[in-house]
Amino acid sequence: MISVSYILMCGQFLLLVAVILLQCLGRSNSLNSSTTETGTASPGPGTTVLPFSDQPPEVVKYEIPGDNANYTEPFEYRPPSPVVLCSYLPDEFIYCQDPVDHAGNHSAFQEMGHGCVGWGGQTPKEVNYTQVVCTALDDIECAGPREFLKGRIPCIKYTGHYFITTLLYSFFLGCFGVDRFCLGHTGTAVGKLLTLGGLGIWWFVDLILLITGGLMPSDYSNWCTYY
């Protein structure tokens, strides 16, 4: 009778032989693959291979996005460099100009590519948005053009007109056209003064226009807010 211990020893011996065979096959495959790679990628006899730290970084050409052709000129940028693009700098490291006022000139807006044709608006759908010219600060190091277009700035301006103050002027002194004088509507203000508020009718109509947003400053600025 064959003992159990003899059977176990034979099984362990066979398992050991199988493991050795698998290791030999794996080493032969790895050696074959390494020889083929070195044969295809090996440098010529007259070439020298630089270490990775001494190899020059890859130069990539980038274009700064913008609506105007003057702000889309390509430049060389090295990605491994720690210097970031100027257009990616945070707001505290750049200075941005105010939006350009085209005063309703659509041809000037199309030629420049940015700026505000119209100002104001009571709802977000009525407000126009534009990009502004920003410049990196002098002591900040960055890659690419230091002047670029950035942001989505609303075409809104404030010139010191307050709604509550104008409403009080219109209610108490509207018959003399004080509200329209304050808003810059000088021509209609004189007519309102000479007619004493249109015998009360013009005075009442201007109150309704102020409340509903139909009477605004002549320079299309928005109402200032109280803080």
Side-chain angles (χ1 to χ4, degrees), residues 49-167 182-184 210-227:
V49 179
L50 296 175
F52 180 77
S53 59
D54 296 336
Q55 292 180 359
E58 182 183 0
V59 178
V60 182
K61 289 188 176 181
Y62 281 83
E63 291 186 359
I64 294 296
D67 297 336
N68 194 354
N70 296 332
Y71 299 95
T72 57
E73 54 184 9
F75 65 94
E76 292 185 353
Y77 176 60
R78 300 178 181 270
S81 173
V83 181
V84 300
L85 298 176
C86 295
S87 58
Y88 293 164
L89 289 174
D91 294 339
E92 58 267 21
F93 298 142
I94 60 177
Y95 169 75
C96 295
Q97 303 177 9
D98 294 331
V100 179
D101 186 6
H102 294 294
N105 192 343
H106 290 274
S107 60
F109 170 76
Q110 293 177 357
E111 181 179 356
M112 181 174 290
H114 63 92
C116 295
V117 179
W119 296 85
Q122 301 298 317
T123 61
K125 294 182 179 180
E126 299 174 354
V127 177
N128 297 323
Y129 295 87
T130 182
Q131 291 181 315
V132 293
V133 179
C134 297
T135 307
L137 299 180
D138 295 335
D139 297 334
I140 302 300
E141 183 181 0
C142 58
R146 300 187 66 84
E147 187 175 283
F148 50 89
L149 292 176
K150 186 178 182 180
R152 189 171 179 263
I153 308 301
C155 294
I156 293 177
K157 58 182 178 180
Y158 303 95
T159 55
H161 297 286
Y162 293 88
F163 174 75
I164 299 298
T165 305
T166 307
L167 185 63
C182 293
L183 294 178
L210 272 175
I211 295 173
T212 58
L215 183 60
M216 298 292 294
S218 60
D219 56 357
Y220 302 101
S221 61
N222 282 44
W223 301 111
C224 296
T225 56
Y226 291 94
Y227 294 99

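Using a 4.5 Å heavy-atom threshold, the side chains of Met112 and Val100 count as touching. Between Leu183 and Leu215 the shortest side-chain heavy-atom distance falls below 4.5 Å. Counting only heavy atoms from C-beta outward, the side chains of Val132 and Lys150 never approach each other to under 4.5 Å. Within the 4.5 Å cutoff, side-chain heavy atoms of Trp119 are placed close to those of Pro99. When side chains are defined from C-beta on, Tyr95 counts as touching Leu137, because their heavy atoms get closer than 4.5 Å.
Residues forming a salt bridge (charged side-chain N to carboxylate O under 4.0 Å, His left out) with Asp138 (at least two apart in sequence, or on another chain): none. Remark: Trp223 engages Phe163 in a ring-ring contact (aromatic ring centres under 6.0 Å, His included) (not counting sequence neighbours). Shown here are the side chain to side chain contact (heavy atoms under 4.5 Å, CB included) partners of Ala103, two or more places apart in sequence or in another chain: Asp101.
Side-chain atoms of Glu111 never come within 3.5 Å of backbone atoms of Ser107 as a donor-acceptor pair (strictly under, hydrogens ignored). No donor-acceptor distance shorter than 3.5 angstrom exists from the side chain of His102 to the backbone of Gln110, with no hydrogens or angles considered. A donor-acceptor pair under 3.5 Å links the side-chain atoms of Arg146 to the main chain of Ile140, judged by distance alone.
Residue-environment remark: CD (Glu92) exceeds the threshold of 12 foreign heavy atoms within 6.0 Å.
Distance OG1/Thr135 to CD1/Ile94: 8.5 Å, rounded to 0.5 Å. The distance from the SG atom of Cys96 to the CZ atom of Phe148 is 6.5 Å, given to the nearest 0.5 Å. Taking CD from Glu147 and SG from Cys86, the interatomic distance works out to 11.0 Å, rounded to the nearest 0.5 Å.
Of all heavy-atom pairs between Asn222 and Ile156, the closest is CG-CG2, 3.8 Å. Considering every non-hydrogen atom in both His161 and Ser221, the closest pair reads CD2-OG, 3.7 Å. Closest approach of Leu85 and Cys142 over heavy atoms only: C-CB, 4.2 Å. Looking at every heavy atom in both residues, Thr225 comes nearest to Tyr162 through O-CE2, 4.1 Å. The two residues Val84 and Leu89 have their closest heavy-atom pair at CG2-CD2, 3.7 Å. Listed here is the closest heavy atom pair of Cys155 and Thr130: SG-CG2, 3.9 Å.
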Between Val117 and Asn105, does a side chain to side chain contact (heavy atoms under 4.5 Å, CB included) hold up when you go through it step by step?
CA-CA 6 Å; Val117 179; Asn105 192 343; over 6 Å; no
